[in-house]
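Take a look at the structure below.
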Amino acid sequence: MRQPGTYSGILTANMAGRMGPHSLPLARIKKIMKKSGDDVKMISGEAPIVFSKACELFIEELTRRSWMITMQGKRRTLHKDDVASAVVATDLFDFLVNLVDGSTTTTTTTRSTTTNETEITEK
């Protein structure tokens, strides 16, 4: 039986023996996988582990490319616009262009002092 918090043997060959806890919650990944379609009924125990590693690699790559844009701007803080620029500049991330295309639309959160409710408005 697989130990919780360790990577599966199918991944360790590509990871040079790296073992350790999963960074992303496997239950959440499995839930997302099941919501992907009505045809998805059963998911093996190793499939979410592979998706977890793929998500980690995706986040690392997008962060690296975004950080390069941050450094070109001579800043030390990565902003949402840096991520959007990295997505637009990289063909690999074309599937995200529609998501960041609306990055010119700013979303602001204002808090009402009298009702203590949060209102989100798009400009």
Side-chain angles (χ1 to χ4, degrees):
M1 183 194 236
R2 182 174 28 92
Q3 294 296 317
T6 58
Y7 287 105
S8 168
I10 61 172
L11 292 178
T12 55
N14 295 336
M15 296 171 38
R18 176 180 169 195
M19 299 293 282
H22 303 290
S23 297
L24 302 173
L26 297 180
R28 178 71 178 130
I29 292 171
K30 193 169 186 176
K31 187 176 182 180
I32 293 168
M33 291 171 72
K34 284 187 176 182
K35 285 177 24 179
S36 68
D38 293 334
D39 296 340
V40 180
K41 304 255 187 262
M42 300 289 288
I43 298 169
S44 75
E46 290 183 338
I49 296 169
V50 174
F51 272 85
S52 175
K53 185 60 184 173
C55 289
E56 288 177 29
L57 295 172
F58 170 76
I59 292 167
E60 287 174 8
E61 183 63 25
L62 184 55
T63 303
R64 269 190 221 102
R65 291 174 187 258
S66 301
W67 183 251
M68 287 190 298
I69 292 170
T70 301
M71 297 302 290
Q72 287 172 356
K74 297 183 178 165
R75 290 179 284 107
R76 297 187 59 104
T77 304
L78 193 140
H79 297 285
K80 177 180 77 167
D81 295 335
D82 300 325
V83 177
S85 296
V87 167
V88 170
T90 308
D91 291 342
L92 183 66
F93 300 133
D94 278 350
F95 67 99
L96 294 174
V97 169
N98 292 339
L99 180 70
V100 298
D101 221 11
S103 68
T104 57
T105 303
T106 57
T107 302
T108 59
T109 303
T110 57
R111 184 167 295 274
S112 171
T113 56
T114 57
T115 60
N116 228 4
E117 295 177 0
T118 303
E119 178 185 337
I120 299 176
T121 58
E122 288 193 10
K123 295 182 181 179

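Quick note: residue numbers are just sequence positions, from 1. Values reported hereafter were calculated over all heavy atoms of this structure, with side chains retained and with hydrogens, waters and symmetry mates removed.
- With Leu96 as reference, Leu99 is the one residue of Asp94, Leu99, Leu92, Asn98 to meet the side chain to side chain contact (heavy atoms under 4.5 Å, CB included) rule.
- Between Arg65 and Asp82 there is no salt bridge, since no side-chain nitrogen of the basic residue lies less than 4.0 Å from a carboxylate oxygen of the acidic one.
- With sequence neighbours excluded, the residues satisfying ring pair (Phe, Tyr, Trp, His ring centres under 6.0 Å) with Phe93 are Phe58.
- For the atom pair Glu61 CD and Ser66 OG, the distance stands at 9.5 Å (nearest 0.5 Å).
- Within the model, atoms CZ of Arg75 and CH2 of Trp67 stand 9.0 Å from one another, a figure rounded to the nearest 0.5 Å.
- Both Leu78 and Val100 sit in one connected hydrophobic cluster of ILVMFWY residues. Membership requires side-chain heavy atoms under 4.5 Å apart, directly or through other members.
- Residues Leu62 and Ala86 approach most closely at CD1-CB, 4.3 Å, considering heavy atoms.
- Side chain of Thr63 to backbone of Ile59: a donor-acceptor contact under 3.5 angstrom is found.
- Shortest non-hydrogen contact noted between Gly45 and Pro48 is O-CD, 3.6 Å.
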Under 3.5 Å, which donor-acceptor pairs link side chains of residues 26-37 to any protein atom two or more places apart or in another chain?
| residue | atom | partner | partner atom | Å |
| --- | --- | --- | --- | --- |
| Ser36 | OG | Met33 | O | 2.6 |

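- At a threshold of 4.5 Å between side-chain heavy atoms, the hydrophobic network of Ile, Leu, Val, Met, Phe, Trp and Tyr places Ile49 and Leu57 in two separate groups.
- Put simply, CG on Leu24 and SG on Cys55 are 6.0 Å apart, with the number rounded to the nearest 0.5 Å.
- To the nearest 0.5 Å, atoms CG (Asp81) and OG1 (Thr70) are separated by 10.0 Å.
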